[in-house]
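Lettering of chains follows the sequences in order, A, B, ..., and the numbering in each one begins at 1.
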Number of protein chains: 2
Amino acid sequence: MFIRRMLQRRLGYWTLAELDKFDYRLLELLQENSRLTGNELSAKVGLSSAACLRRVQRLRETGVIERDVAIVSPKVFGKKMMVIVLLTMERDRPDRYMLMREEFGRMPEVVQCHHVTGAHDFVLRIQVSDMEEYSAFVDRVFHEPYIKRYESLAVLGSLK
Amino acid sequence: MFIRRMLQRRLGYWTLAELDKFDYRLLELLQENSRLTGNELSAKVGLSSAACLRRVQRLRETGVIERDVAIVSPKVFGKKMMVIVLLTMERDRPDRYMLMREEFGRMPEVVQCHHVTGAHDFVLRIQVSDMEEYSAFVDRVFHEPYIKRYESLAVLGSLK
DNA sequence: CAAATCCGTGCGAGATTTTCGCAAAGAATC
DNA sequence: GATTCTTTGCGAAAATCTCGCACGGATTTG
């Protein structure tokens with residue numbers, strides 16, 4: 001906690017400085033459950049409630065904690081089906097990657113999108129209600145000339 | 001909102017009943033930012049603060065909202081490297097899947113684990129600090145007789 | 001069709017939680 | 001060792017959440 005000042009504004013952008021073990025412990029806990037109160041945190045990390053909350057506040061302000069989200073059971077939205085897609089594109093236009101990423105970002109079915117090295121270009125995680133919706137999605141999105149190949153892996157079960 | 005009582009205890013387990021448009025709106029908002037206050041929710045949803053909070057409380061109790069988590073910038077943990085692994089196992093023992101899942105669940109490097117259909121059996125998302133750590137992980141985990149094949153896709157960039 | 005019942009609402013008091021100022025203490029710098 | 005910088009704990013004030021209550025609309029019952 002000596003040379004903290006975790007982020008310093010320097011030439012217009014933010015630079016990370018070091019976090020100490022208390023910060024890491026807090027992050028660990030909040031990553032698991034972001035609704036822990038100051039007192040609960042206090043009990044687990046061994047700092048006063050106020051100190052914990054002050055640190056957490058700073059972690060949020062500085063972007064170490066990017067955001068807080070509620071995890072909603074996928075069943076609720078009726079999106080019972082998850083598919084992982086390995087996507088391979090034609091190697092004609094390198095700028096296509098950025099465009100694709102942006103497009104995927106706007107599609108609600110695409111829950112996750114990774115640009116990867118190797119035989120494939122993208123790994124997508126798709127959440128839909130049923131095979132029909134997935135089929136429509138595939139028709140709409142993957143039947144483009146610049147998409148060379150796609151492989152769908154239906155998810156049977158997940159962890160984490 | 002008439003026949004709510006969204007979950008009813010029935011023969012020992014919980015069954016979903018319907019959520020109305022307010023619930024969906026709340027879920028949508030909290031999925032984006034779980035730190036919205038009652039007043040903020042109220043303004044966006046058009047119910048009183050108390051009504052919003054009561055609904056959210058119930059959504060949590062009934063498991064519609066599974067949990068709340070803080071999203072920590074991956075850079076902070078120095079886990080700068082993400083790898084997606086397509087794993088194929090020997091088809092000798094079907095019960096191995098469950099064992100594997102449990103094992104993966106205990107490994108901190110494994111951020112996500114999906115059991116899938118098709119040519120591969122598992123899709124894992126691995127988070128490590130560097131190639132060295134990844135290499136060690138591979139040696140430790142994937143060099144087992146029952147693992148037939150694995151393909152590592154290094155992630156260049158991600159969305160969502 | 002009215003009465004009874006169920007379920008959710010808004011209001012507002014009370015409880016809990018968070019924020020913030022302040023004095024003090026630990027570490028770094030000189 | 002003095003000065004400066006940063007964080008701590010405490011406690012008051014502010015913000016937020018929880019809960020009881022009375023009310024009203026919708027469904028069910030008689």
Which one of A:Leu156, A:Val155, A:Ile84 satisfies the side chain to side chain contact (heavy atoms under 4.5 Å, CB included) criterion with B:Thr117? A:Leu156
Can you give me the closest heavy-atom contact between A:Glu151 and A:Arg149, atom names plus distance? OE1-NH2, 3.2 Å
A:Leu47 CG to D:dT6 C1': how many Å, rounded? 14 Å
Take the protein atom CZ of B:Arg58 and the nucleotide atom P of D:dC19, then report the distance between them rounded to whole Å. 13 Å
What's the CG-P distance between A:Leu59 and D:dT7, to the nearest Å? 11 Å
For the residue pair B:Tyr134 and B:Ser129, confirm or rule out a side-chain donor-acceptor distance under 3.5 Å. no
What residues form a side-chain contact (heavy atoms from CB on, under 4.5 Å) with B:Arg60, not counting sequence neighbours? A:Arg35, B:Val56, B:Ile65, B:Asp68
Nearest to the side chain of B:Ala51 - D:dT8, C:dT9, D:dT18? C:dT9
Under the side-chain contact (heavy atoms from CB on, under 4.5 Å) test, residues paired with B:Arg67 that sit two or more places apart: A:Glu32, A:Ile71, B:Val69
Assert: residue with more 5' nearest nucleotide on DNA chain D, out of B:Asn39 and A:Gly46, is A:Gly46
Can you check the A:Leu53 CG to D:dG11 P distance for me, whole Å? 17 Å
Using the six-membered ring wherever Trp is involved, compare the ring planes of B:His143 and B:Tyr150 and label them parallel, tilted or perpendicular (cut-offs 30° and 60°). tilted
What is the distance, to the nearest angstrom, from the CD atom on A:Glu40 to the P atom on C:dT16? 13 Å
Shortest non-hydrogen separation from A:Val76 to A:Val72 and the atoms involved: CB-CG1, 4.2 Å
Within residues 26-37 of chain A: residues closer than 4.0 Å to DNA chain C (heavy atoms): A:Thr37
Could you run down the sub-3.5 Å N/O contacts of the protein with nucleotides 20-22 of chain D?
| unit_1 | atom_1 | unit_2 | atom_2 | d |
| --- | --- | --- | --- | --- |
| D:dG20 | O6 | B:Arg54 | NH1 | 3.4 |

Terminal axes of the helix from C:dC1-D:dG30 to C:dC30-D:dG1 (five pairs each): angle between them, nearest 10 degrees: 30°
Given atom CD of A:Gln57 and atom C1' of D:dT8, what is their separation to the nearest angstrom? 15 Å
Closest heavy-atom pair and its distance - B:Val111, B:Ile126: CG2-C, 4.5 Å
note: A:Asp20, atom CG; D:dT8, atom C1'; distance rounded to Å ~ 12 Å
Would you list the atom pairs, donor with acceptor, under 3.5 Å between side chains in residues 96-107 of chain A and any protein atom, with sequence neighbours excluded?
| unit_1 | atom_1 | unit_2 | atom_2 | d |
| --- | --- | --- | --- | --- |
| A:Arg96 | NH2 | A:Asp92 | OD2 | 3.3 |
| A:Tyr97 | OH | A:Asp121 | OD1 | 3.4 |
| A:Arg101 | NH2 | B:Ser158 | O | 3.1 |

Smallest heavy-atom separation, A:Met81 atom then A:Val83 atom, equals CE-CG2, 3.8 Å
Between C1' of D:dT16 and CG of B:Asp68, the distance in whole Å: 15 Å
Salt bridge or not between A:Arg58 and A:Glu61? Use side-chain N to carboxylate O under 4.0 Å. no
Among C:dG10, D:dT18, C:dT9, which is the nearest nucleotide to the side chain of B:Arg55? C:dT9
